[in-house]
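A short write-up of the structure that comes next.
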Amino acid sequence: MEKSLVNDNSLLLPLNKQQTIYDGFITVQERDFRMRIVLPPDRQLKEAKLHCCWQLKHLLRGYEHIVKQRLQQSADLVVFILELKTVLEVVLKSRPECRSIPPPQYYSQLISEMETLGWDKLLFIDTEFRMLRLKAEDSAGRQHILTVKLKSKHPAEAPECSADLPVPLAINWTAQSTLEQLHSQFLLVLESLTEFWDVLDEIDSKTWILEPEKPCRSDIMRRIAIGNNVSIKVEVDPRHPKMLPECCLLGAEHVVTPLRNKLNANMHLWNPDSSVLHNLRDVLEIEFPSPATHEKSSFNLECGICYSYRLEAAIPDQVCNDPRCGQPFHQTCLYEWLRALHSSRQSFNIVFGECPYCSKPITVKMAAQ
């Protein structure tokens, strides 16, 4: 005998002793839909009738044949309810306008929390009152934005939170949590990253940054210009920003090799109490070109093949090693050029050939797919 169908997906109760009429609802994406299933006397699903509320009937318009097919093929009511839920999830994903509308207390709760937090913290709220952007300022005066996507059962369910940070945003949330507490946690995260941003802000203001073109707060890498076709790529650890970062020197070998030797020889001089930029100067024994001393155009040398500086996000980082040439190329451009030459050869992922400008030997790694 069939019993009540109670699970996370539905609540259907038999209305008669014969258990041929079930009434209740099915839950999909936080929405409850009223439905009734009437079985024939032999209680075979093939001849069952499904009665829906108008909202469910509207959603299933155009899917009736699929529902009928699932009804006829399901072994029992439990299986059919799961099949129906699957169909409804597909329908709701394809129709964003059918998403659930939160109950009235959701809006009153939200307004109350915003009044406590302060409306001056609100940068944006969407027309559905689901997505908010809250502003915050760290102790150095840097502006940050916290994006909050609320669930319809707020505050019982934790919201989705995101921000432009170099580390994952971990937020503690309980059914008693509020937006004010959320904002306070965000401020604590910002303070823990203040030293990291101080390090990068100094590098950004006192050197020429080749990559990324427009750094954001989540970027941990900077490619710093040292000279024509010579640069250093550093990756700063957000948790230990003043320690020696990951370093990679880029450029022609005859220029990079002396710098690499100095880096290896002077690594022990790194002082965590000094700034990263100051340490890099001491370890490499150089002065970095800065906005005060050089024009950035001095380092924006075009690719010798495509005659552009930026190719999508890439800049020319392959350089002819002949000191008299030193022509830069995009990795992709040089790879495609050498691959088209009959005289070039390939060993594993490296292509060997001749420089398009001076015909001296040049190599390039296979471009990443």
Side-chain angles (χ1 to χ4, degrees), residues 166 195-304 309-311 313-323 325-332 334 362-365 367-368:
E195 193 173 55
F196 166 75
W197 286 317
D198 286 345
V199 165
L200 290 182
D201 281 354
E202 182 188 22
I203 292 173
D204 291 344
S205 64
K206 295 183 179 178
T207 67
W208 281 120
I209 303 300
L210 302 180
E211 292 182 287
E213 186 178 8
K214 295 178 181 177
C216 57
R217 292 297 176 194
S218 58
D219 288 321
I220 64 170
M221 184 277 286
R222 294 293 190 274
R223 183 173 170 181
I224 309 168
I226 295 177
N228 285 345
N229 305 322
V230 189
S231 59
I232 183 169
K233 187 184 287 187
V234 297
E235 288 190 7
V236 180
D237 184 345
R239 298 301 187 195
H240 308 285
K242 289 201 169 180
M243 301 301 289
L244 176 67
E246 290 283 331
C247 297
C248 177
L249 286 153
L250 300 165
E253 277 303 314
H254 69 277
V255 181
V256 164
T257 300
L259 290 171
R260 191 180 292 125
N261 292 340
K262 288 178 182 177
L263 179 64
N264 293 331
N266 296 333
M267 210 175 282
H268 66 282
L269 299 175
W270 194 274
N271 180 9
D273 294 327
S274 295
S275 74
V276 170
L277 184 58
H278 188 273
N279 274 309
L280 286 173
R281 286 170 180 156
D282 288 350
V283 169
L284 294 171
E285 298 178 13
I286 60 168
E287 283 295 326
F288 287 98
S290 74
T293 59
H294 293 73
E295 293 291 329
K296 193 173 186 180
S297 56
S298 309
F299 315 109
N300 292 2
L301 296 183
E302 297 172 344
C303 169
Y309 178 64
R310 290 202 179 272
L311 182 64
I315 65 174
D317 57 4
Q318 307 292 306
V319 183
C320 177
N321 285 323
D322 190 299
C325 178
Q327 178 64 46
F329 307 97
H330 292 117
Q331 180 189 21
T332 303
L334 185 58
I362 194 169
T363 62
V364 65
K365 286 186 177 180

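- The local environment of NE2 in H254 is crowded, with over 12 non-hydrogen atoms from other residues, nucleotides or ligands closer than 6.0 Å.
- What you find for L249 and I226 is that their closest heavy atoms are CD2-CD1, 3.9 Å.
- One distance of note links OG of S290 with CD1 of I203; it measures 14.0 Å at 0.5 Å rounding.
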All N/O donor-acceptor pairs, side-chain side in residues 233-244, below 3.5 Å, sequence neighbours left out:
unit_1 : atom_1 : unit_2 : atom_2 : d
D237   : OD1    : R239   : N      : 2.9

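- N279 CG to M267 CE: the interatomic distance, rounded to the nearest 0.5 Å, is 12.0 Å.
- The shortest distance between side-chain heavy atoms of S231 and W208 does not fall below 4.5 Å.
- Side-chain contact check for L277 versus R281: some heavy-atom pair is nearer than 4.5 Å.
- Formation of a donor-acceptor pair under 3.5 Å by the D219 side chain with backbone atoms of C216 is found in this model.
- The CE atom of M221 sits 13.0 Å away from the CD atom of E246 when rounded to the nearest 0.5 Å.
- Atom CD of E285 has more than 12 neighbouring heavy atoms from other residues, nucleotides or ligands inside a 6.0 Å radius.
- One finds the CG atom of L311 at 11.0 Å from the CD atom of Q331 (value rounded to the nearest 0.5 Å).
- By the 4.5 Å heavy-atom criterion applied to side chains, D282 and N266 are not counted as neighbours.
- Shortest non-hydrogen contact noted between E211 and I209 is O-CG2, 3.3 Å.
- A heavy-atom distance below 4.5 Å is found between the side chains of R222 and P212.
- At a threshold of 4.5 Å between non-hydrogen side-chain atoms, the residues P316 and F329 do not count as touching.
- Partners of Q327 according to the side-chain hydrogen bond (donor to acceptor under 3.5 Å, both in side chains) rule, which considers only residues two or more places apart in sequence or in another chain, do not exist here.
- Residues forming a salt bridge (charged side-chain N to carboxylate O under 4.0 Å, His left out) with D201 (at least two apart in sequence, or on another chain): R142, R217.
- For the pair L263 and C247, the minimum side-chain heavy-atom distance is below 4.5 Å.
- Here the side chains of I224 and T207 are in contact, with some heavy-atom distance below 4.5 Å.
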>> Checking V319 against V256 for the side chain to side chain contact (heavy atoms under 4.5 Å, CB included) test, could you report, in this order, the C-alpha distance in whole Å, the side-chain angles of both residues, the deciding distance, and whether it holds?
In response: CA-CA 11 Å; V319 183; V256 164; over 6 Å; no
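- Among D317, T363, I362, the one residue that satisfies the side chain to side chain contact (heavy atoms under 4.5 Å, CB included) test with L334 is I362.
- Between L280 and F288 the shortest side-chain heavy-atom distance falls below 4.5 Å.
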